[in-house]
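What follows is a short report on a single structure.
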Number of protein chains: 2
Amino acid sequence: MKSNKPATIKEIARKLKISPSTVSRALNDHPSIGLVTTMRVKKMAEELNYEPNQTAIFFKQRKTFTIGVILPALSEPFFSSAISAIEAIAEDRKYTVLLGQSLDDADREAKIIATFKKHRVDGILMSLGKNTTDLSFVEVLESSDIPVVFFDCVPESTSVHKVYCDLATGMDEAIEAFISRGHKNIALINGPETLLSATERTASFQEALLKHGYEFNDKYVVHTDLTEHGNHAAMEQLCVLPERPSAIVSFNDFVTLDVIKYARGKGIIVGQDMHFISFANYPLWKYMENPPLASIEQYPDEQGKKAAEILFEILESKEKVEPQEIIFSSKLVLK
Amino acid sequence: MKSNKPATIKEIARKLKISPSTVSRALNDHPSIGLVTTMRVKKMAEELNYEPNQTAIFFKQRKTFTIGVILPALSEPFFSSAISAIEAIAEDRKYTVLLGQSLDDADREAKIIATFKKHRVDGILMSLGKNTTDLSFVEVLESSDIPVVFFDCVPESTSVHKVYCDLATGMDEAIEAFISRGHKNIALINGPETLLSATERTASFQEALLKHGYEFNDKYVVHTDLTEHGNHAAMEQLCVLPERPSAIVSFNDFVTLDVIKYARGKGIIVGQDMHFISFANYPLWKYMENPPLASIEQYPDEQGKKAAEILFEILESKEKVEPQEIIFSSKLVLK
DNA sequence: TTGTACGCGTTATCAA
DNA sequence: TTGATAACGCGTACAA
């Protein structure tokens, strides 16, 4: 078995009776070093199983070739897609990905950021947790010269880099799909009212209805706290309305899953008595016997890819990069 | 806006007209430093927004407080559960997690290992890809003093640390469940024959049948390459048998999803004409209208947790830790 | 109680 | 073409 202390430049130099700097240059193919010397050095390096100590190099060049990715939870297929795209880009650029799941907990989020900062990541990609209100960390990171690019769940501020999906286009297509199929009573099961993404959904829901000459009735907008119980309760609220909706847009696919299950329990036939469209485009709808009518794709991989590209653009550019805002259009995908 | 060059110990020392070593000690609450000095130093550190440069510390102590996790794909809920458990343990110990997805590609796997080695991770947790045959990297890592703990998909070697799930117990329970419900013709849709995990399944399938006094007929064992088409083809093979099986154990939940869909297309009613059990315990079965009879839980989080604990035990112990082998029992979970 | 000196592995600068 | 030296930021043995 080999020794566990990896060889260093110094050792090579000693064995060859030349100076460490010569060795360093030879290994880096510096033009000033003679061919013979270079060969000898490389041969010896090979023999001694030399491997550059990256921690020393990182330290010296003040760069770790590491980016941190912070997201709510990998259990959501949306985020596992996103991080896969990010990892692919990072690998191309010879960067490594540090992982942090916030689990929608602002404290955890803060901790992860602190850890990443300690580890001197070169940059951060982040999708905010649902409960994050304090965004002061952005400035802290900025003052440490660690760029952040947000994706999917992004802050309102215009002075940050962000990549996200415009919900309005998908919502509009959803409403249109429902209307063209003759639905009169269209409801929205929305997330907690405290969420920006929820208020956006309500706004675009209302707008889409009006645009198509429909009335907006706020009785048809209910809210869930996104727990199973909350999802069922929201559905219950809609079911007891005098004119029960026949078409429902819901906050996301997870809500729809719960709601469909609830509906089944009530004897409501999905795809016949009641139709669903939700956000996210959960990959397994195709296996369901009675899937929703459609899902609104938000392109996690495109978002991750673009966010990563922006981050690397920032890292590779010497000048300050102006805050970028990239907006993808969400899109209705029929099932 | 603050400067982007974080303050160093030297600067604090200069401002306070004391030596850097005193500052260092004060910041680390070294007992020999006077209370007043300590206070002054800390105050100045605060003012200058001092943050220890971890890359320097990592470099010096030859330790990065980083572990690498290599797994096939986060899109499998099994692995996203596992990595979440790992991340939780790592966070406790103040370690950070570097992510690498192999996508079942041996070349990618090798690349990731090389990258992790360059980054001088303190240890590695790994679940092998389906196509990995060359395990020589284990010795290479060992010679670099980077411990590896395998989980779930582990090598056969007895000289490595590994945590995995014994498939036989779950298989036995599955067969028993089928038999007790009166099934005579029980089939197995297995993965590629080249996979160790597939041969294991066949062996335990056979064993369980014999144990219950049933004959083993290899016509009832078919193989799929795990693509959608392969899954359908395997099912087709079973359907054309003279005595069509009424109960099927399949390689994993993804295979079952495809197969159930196929069965539906053929007018076969799942849970009536045909019953399924598969490995993995995919979390969304509960939303399915006609779910499989049961799923065999393989405890990704327990596996991840245990593997991480072993790794930290190795990292924290000064002596060599003997190769550990932890085997969880898989367990049938009725749906 | 505090300061001096050194080293971790590498590379850039300057000198030879 | 090569070598000596310094520096990155920190911690610590040794000296005072």
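Below, read A as the first sequence line, B as the second, and so on, with proteins coming before strands; counting in each chain starts at 1.
- When heavy atoms are screened at a 4.0 angstrom cut-off, B:Thr37 is found touching the sugar-phosphate backbone but no base atom.
- Within the 4.0 angstrom heavy-atom criterion, only backbone atoms of the sugar-phosphate kind lie near B:Pro52; the bases stay farther away.
- Within the structure, every side-chain polar atom (N or O) of B:Asn53 is placed at least 4.0 Å from both OP1 and OP2 of D:dC8.
- Remark: P of D:dT2 and CG of A:Asn28 are 15 Å apart, rounded to the nearest angstrom.
- Atom NZ of B:Lys17 and atom P of C:dT2 are 17 Å apart (whole Å).
- Remark: A:Glu47 engages A:Lys43 in a salt bridge, criterion side-chain N to carboxylate O under 4.0 Å.
- The distance from atom NE2 of B:His30 to atom C1' of C:dG3 is 13 Å, rounded to the nearest whole Å.
- The phosphate of D:dG9 has neither OP1 nor OP2 within less than 4.0 Å of any side-chain N or O from A:Lys60.
- Nucleotide D:dC10 holds its C1' atom 10 Å from the CD atom of B:Gln54, rounded to whole Å.
- Of the listed nucleotides (C:dA12, C:dG3, C:dG9), C:dG3 has the atom at the smallest distance from the side chain of B:Thr22.
- Within the model, atoms SG of A:Cys153 and CE of A:Met126 stand 9.5 Å from one another, a figure rounded to the nearest 0.5 Å.
- Of the two residues contacting DNA chain D, namely B:Ala56 and B:Arg25, the nearest-nucleotide position lying further toward the 5' end is that of B:Ala56.
- The separation between A:Glu11 atom CD and C:dT10 atom C1' is 14 Å, rounded to whole Å.
- Put simply, B:Ser24 has a side-chain N or O that comes within less than 4.0 Å of OP1 or OP2 on D:dG11.
- In this structure, the ring of B:Phe58 has its center no less than 6.0 angstrom from the ring center of A:Phe58.
- Nearest-nucleotide positions on DNA chain D for A:Ser21 and B:Ser21 put A:Ser21 closer to the 5' end.
- Looking at heavy-atom distances under 4.0 Å, B:Thr8 makes contact with sugar-phosphate atoms alone, never a base.
- For B:Ser19, a side-chain nitrogen or oxygen approaches OP1 or OP2 of C:dG3 to under 4.0 Å.
- If you measure from atom CZ of B:Arg62 to atom P of D:dG9, you get 20 Å, rounded to the nearest angstrom.
- Of the listed nucleotides (D:dG3, C:dT10, D:dC10), D:dC10 has the atom at the smallest distance from the side chain of B:Ile9.
- Between A:Phe151 and A:Phe79, the two ring planes are perpendicular [angle over 60°; tilted spans 30° to 60°].
- Contact annotation for A:Tyr50: backbone-only contact, meaning every heavy-atom pair under 4.0 Å involves sugar-phosphate atoms and none involves a base.
- With respect to A:Arg108 and B:Glu87, a salt bridge is recorded, a charged nitrogen being found less than 4.0 Å from a carboxylate O.
- Atom P of nucleotide D:dG9 and atom CG of B:Leu27 are separated by 15 Å, given to the nearest angstrom.
- For C:dT10, the base is not stacked against the aromatic ring of A:Phe59, per a cut-off of 5.5 Å between centres and 30° between planes.
- With respect to A:Glu316 and A:Arg93, a salt bridge is recorded, a charged nitrogen being found less than 4.0 Å from a carboxylate O.
- Distance CZ (A:Phe58) to P (C:dT10): 12 Å, rounded to an integer number of Å.
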